[in-house]
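What follows is a short report on a single structure.
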Amino acid sequence: MSAVSFVIPRFDDTLGALLIGFAVSATAFGMLTVQVFIYYRRFPQDKIAYKVLAALIWLISCVDQAFIGYAVYFYTVTNYLDPLPLATGKPQWTLIIQMTLGAVVGAIVKACFTLRVWRFSYRNWWLTGYLFLLVLAQLSTATAFTVKCFEMPSFIAMLIVKEIGSFSLGIGVITDMSIAAALCFYLQKMRSSHLTADSMVNTLIIYAVNTGLLTSTISLSTLVLFNIMPTNFIFVCMYFVLSKLYAISFLATLNTRKIIRGRGTDRESGKTSSFSMVNESTRPSARMPIQLPVREEISAGSVSFFTLLECI
């Protein structure tokens, strides 16, 4: 009678990584929930599309976090002191589905930022189409990775799906960097001699760089860890947090729109359409005398600028 031998995995980089990832992602989900609460309280009369997107992203993130929690419970409580599920068992199904949910949240947020690039670039269809193709490519490869993971007999077989997983994460890094670079490029072109407008442009550039840099760093770290250590859960720990960062960046964009303009909230200023906002923002002040040529230049630039601030 032959004995079946297997290598007992280290708990530090498997269960330990799962617990750390769960704790950090739970904290990030709490921050997202606060952002959603602030958004609905601050902008009760905002556009329906924004409200639906905010609710959808929070709902997907909530299910995502619940799936992470169930996976952690399965490996640490249900199979307490039993290394077989980690060594020879198939990956827990919620752990696999969570990867797709995270990819969906990332795709929604990136698509919204791509629409922002479309407006800032004065409807550059070639650039926007390129970014949308990257977003769809990452979502498609992430879905294919999920399907392949369900076919794996155990975690040891993760090497089989290493290429498609790396390809999906690599596309994510390129997409984040491309969107941030496009936003910075077209924002830089909107600079003028108007100090207020330039200050807003600088704020938006810093925000675009920080957002793209943060998500790109986490995506790149996940990619590197996945290629170096594909059979443990350290890269999964990083991926748990990534989707929450995308969601937080989206809600932060919604919550800071009028703050960047120096305006209040819907509760403070009342319901205002996009067109009236542009008119009020570009209306010259009587206390600030400006020469006619400069005024025309500022007005023309400000109309485009404040119109673009209305998009996500």
Side-chain angles (χ1 to χ4, degrees), residues 7-29 61 64-65 67-76 83 85-107 109-110 137-177 212-248:
V7 178
I8 298 178
R10 293 181 56 194
F11 288 162
D12 288 339
D13 52 16
T14 52
L15 299 183
L18 277 182
L19 287 172
I20 294 174
F22 174 72
V24 177
S25 64
T27 303
F29 179 71
S61 299
D64 176 273
Q65 188 62 28
F67 278 9
I68 296 174
Y70 182 82
V72 172
Y73 186 89
F74 175 81
Y75 286 113
T76 59
L86 287 174
T88 61
K90 297 188 66 173
Q92 217 282 328
W93 67 271
T94 58
L95 195 61
I96 299 175
I97 294 295
Q98 179 275 330
M99 297 181 184
T100 302
L101 293 178
V104 170
V105 171
V109 174
K110 291 175 185 179
Q138 186 192 9
L139 182 60
S140 300
T141 51
T143 304
F145 179 79
T146 300
V147 175
K148 291 293 184 180
C149 285
F150 275 111
E151 299 174 356
M152 291 192 312
S154 65
F155 282 109
I156 304 300
M158 184 65 71
L159 296 174
I160 300 175
V161 297
K162 183 178 178 180
E163 292 184 0
I164 188 171
S166 300
F167 188 62
S168 178
L169 291 170
I171 295 176
V173 175
I174 295 174
T175 306
D176 291 341
M177 296 179 66
L213 182 62
L214 180 60
T215 55
S216 298
T217 302
I218 299 298
S219 297
L220 184 59
S221 300
T222 307
L223 174 61
V224 172
L225 291 172
F226 178 64
N227 281 271
I228 295 177
M229 299 175 287
T231 57
N232 60 36
F233 290 164
I234 297 180
F235 76 93
V236 178
C237 170
M238 302 291 292
Y239 193 81
F240 284 169
V241 185
L242 183 60
S243 62
K244 308 301 188 303
L245 292 179
Y246 284 123
I248 290 172

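Everything quoted here is computed from the prediction, not taken from an experiment. The chain is numbered in sequence order, starting from 1. Worth knowing before you read on, the calculation uses all heavy atoms, side chains too, and leaves out hydrogens, waters and symmetry mates.
Applying the salt bridge (Lys or Arg N to Asp or Glu O under 4.0 Å) test to pairs two or more places apart or on separate chains, none has a residue in residues 220-229. Residue pairs satisfying the salt bridge (Lys or Arg N to Asp or Glu O under 4.0 Å) criterion with at least one member in residues 232-247, sequence neighbours excluded, are listed as follows: Asp64-Lys244.
Of all heavy-atom pairs spanning Leu220 and Val173, the tightest one is N-CG2, 3.6 Å. Of all heavy-atom pairs spanning Ile248 and Ala28, the tightest one is CD1-O, 3.5 Å. For the residue pair Leu223 and Leu169, the shortest heavy atom distance occurs at CA-CD1, 3.7 Å. For the pair Ala103 and Ala142, the tightest heavy-atom approach, listed with the atom from each and the gap, is CB-CB, 3.5 Å. The two residues Ile96 and Phe150 have their closest heavy-atom pair at CG2-CE1, 3.7 Å.
Distance CZ/Phe29 to CZ/Phe240: 14.5 Å, rounded to 0.5 Å. To the nearest 0.5 Å, atom OG of residue Ser216 and atom CG of residue Leu245 are 11.0 Å apart. Ile97 contributes atom CD1, which lies 13.0 Å from atom CD1 of Ile68 (distance to the nearest 0.5 angstrom). Here the CD1-OG1 distance, from Ile234 to Thr222, works out to 11.5 Å after rounding to the nearest 0.5 Å. Ile174 CD1 to Ser219 OG: the interatomic distance, rounded to the nearest 0.5 Å, is 11.0 Å. Within the model, atoms OG1 of Thr217 and CE of Met238 stand 9.0 Å from one another, a figure rounded to the nearest 0.5 Å.
With a 6.0 Å radius and a threshold of 12 heavy atoms from other residues, nucleotides or ligands, Phe167 has its CZ atom at or below the threshold. Residue-environment remark: CE (Met152) exceeds the threshold of 12 foreign heavy atoms within 6.0 Å.
Inter-residue side-chain proximity for Val241 and Thr27 is flagged as unmet; no heavy-atom pair is nearer than 4.5 Å. Within the 4.5 Å cutoff, the side chain of Leu18 has no heavy atoms near those of the Cys237 side chain. Taking 4.5 Å as the limit, every side-chain heavy atom of Lys148 sits out of range of all side-chain heavy atoms of Ile160. Proximity of Leu101 to Ser243: side-chain heavy atoms (C-beta onward) are nowhere separated by under 4.5 Å. Looking only at side-chain heavy atoms (C-beta outward), Ile218 and Tyr239 stay at 4.5 Å or farther from each other. In this structure, Ile228 and Val224 have side chains that are in contact, with non-hydrogen atoms separated by less than 4.5 Å. Looking at Gln65 and Phe22, their side chains come closer than 4.5 Å, going by heavy atoms from C-beta outward.
Judged by distance alone, the side chains of Thr14 and Asn232 never bring a donor and an acceptor atom under 3.5 Å apart. When only modelled atom types and interatomic distance are considered, Thr175 and Gln138 share no side-chain donor-acceptor pair under 3.5 Å.
For Phe67, the ring pair (Phe, Tyr, Trp, His ring centres under 6.0 Å) criterion is met by Trp93, not counting sequence neighbours. Listed by chain and number, the residues in a side-chain contact (heavy atoms from CB on, under 4.5 Å) with Tyr73 are Val77, Thr78 (sequence neighbours excluded). With sequence neighbours excluded, the residues satisfying side chain to side chain donor-acceptor pair (under 3.5 Å) with Tyr246 are Lys110, Asp176. Every residue two or more places apart in sequence or in another chain that forms a side chain to side chain donor-acceptor pair (under 3.5 Å) with Ser168 is listed here: Thr141. Every residue was checked against the ring pair (Phe, Tyr, Trp, His ring centres under 6.0 Å) condition with Tyr75, not counting sequence neighbours, and none meets it. Considering only residues two or more places apart in sequence or on other chains, Phe145 meets the side-chain contact (heavy atoms from CB on, under 4.5 Å) condition with Met99, Cys149, Met158, Val161, Ile164, Phe226. Listed by chain and number, the residues in a side-chain contact (heavy atoms from CB on, under 4.5 Å) with Ala247 are Leu32, Ile57, Ser61, Val105 (sequence neighbours excluded). Under the side-chain contact (heavy atoms from CB on, under 4.5 Å) criterion, Val147 pairs with Glu151, not counting sequence neighbours. With sequence neighbours excluded, no residue forms a side chain to side chain donor-acceptor pair (under 3.5 Å) with Ser221.
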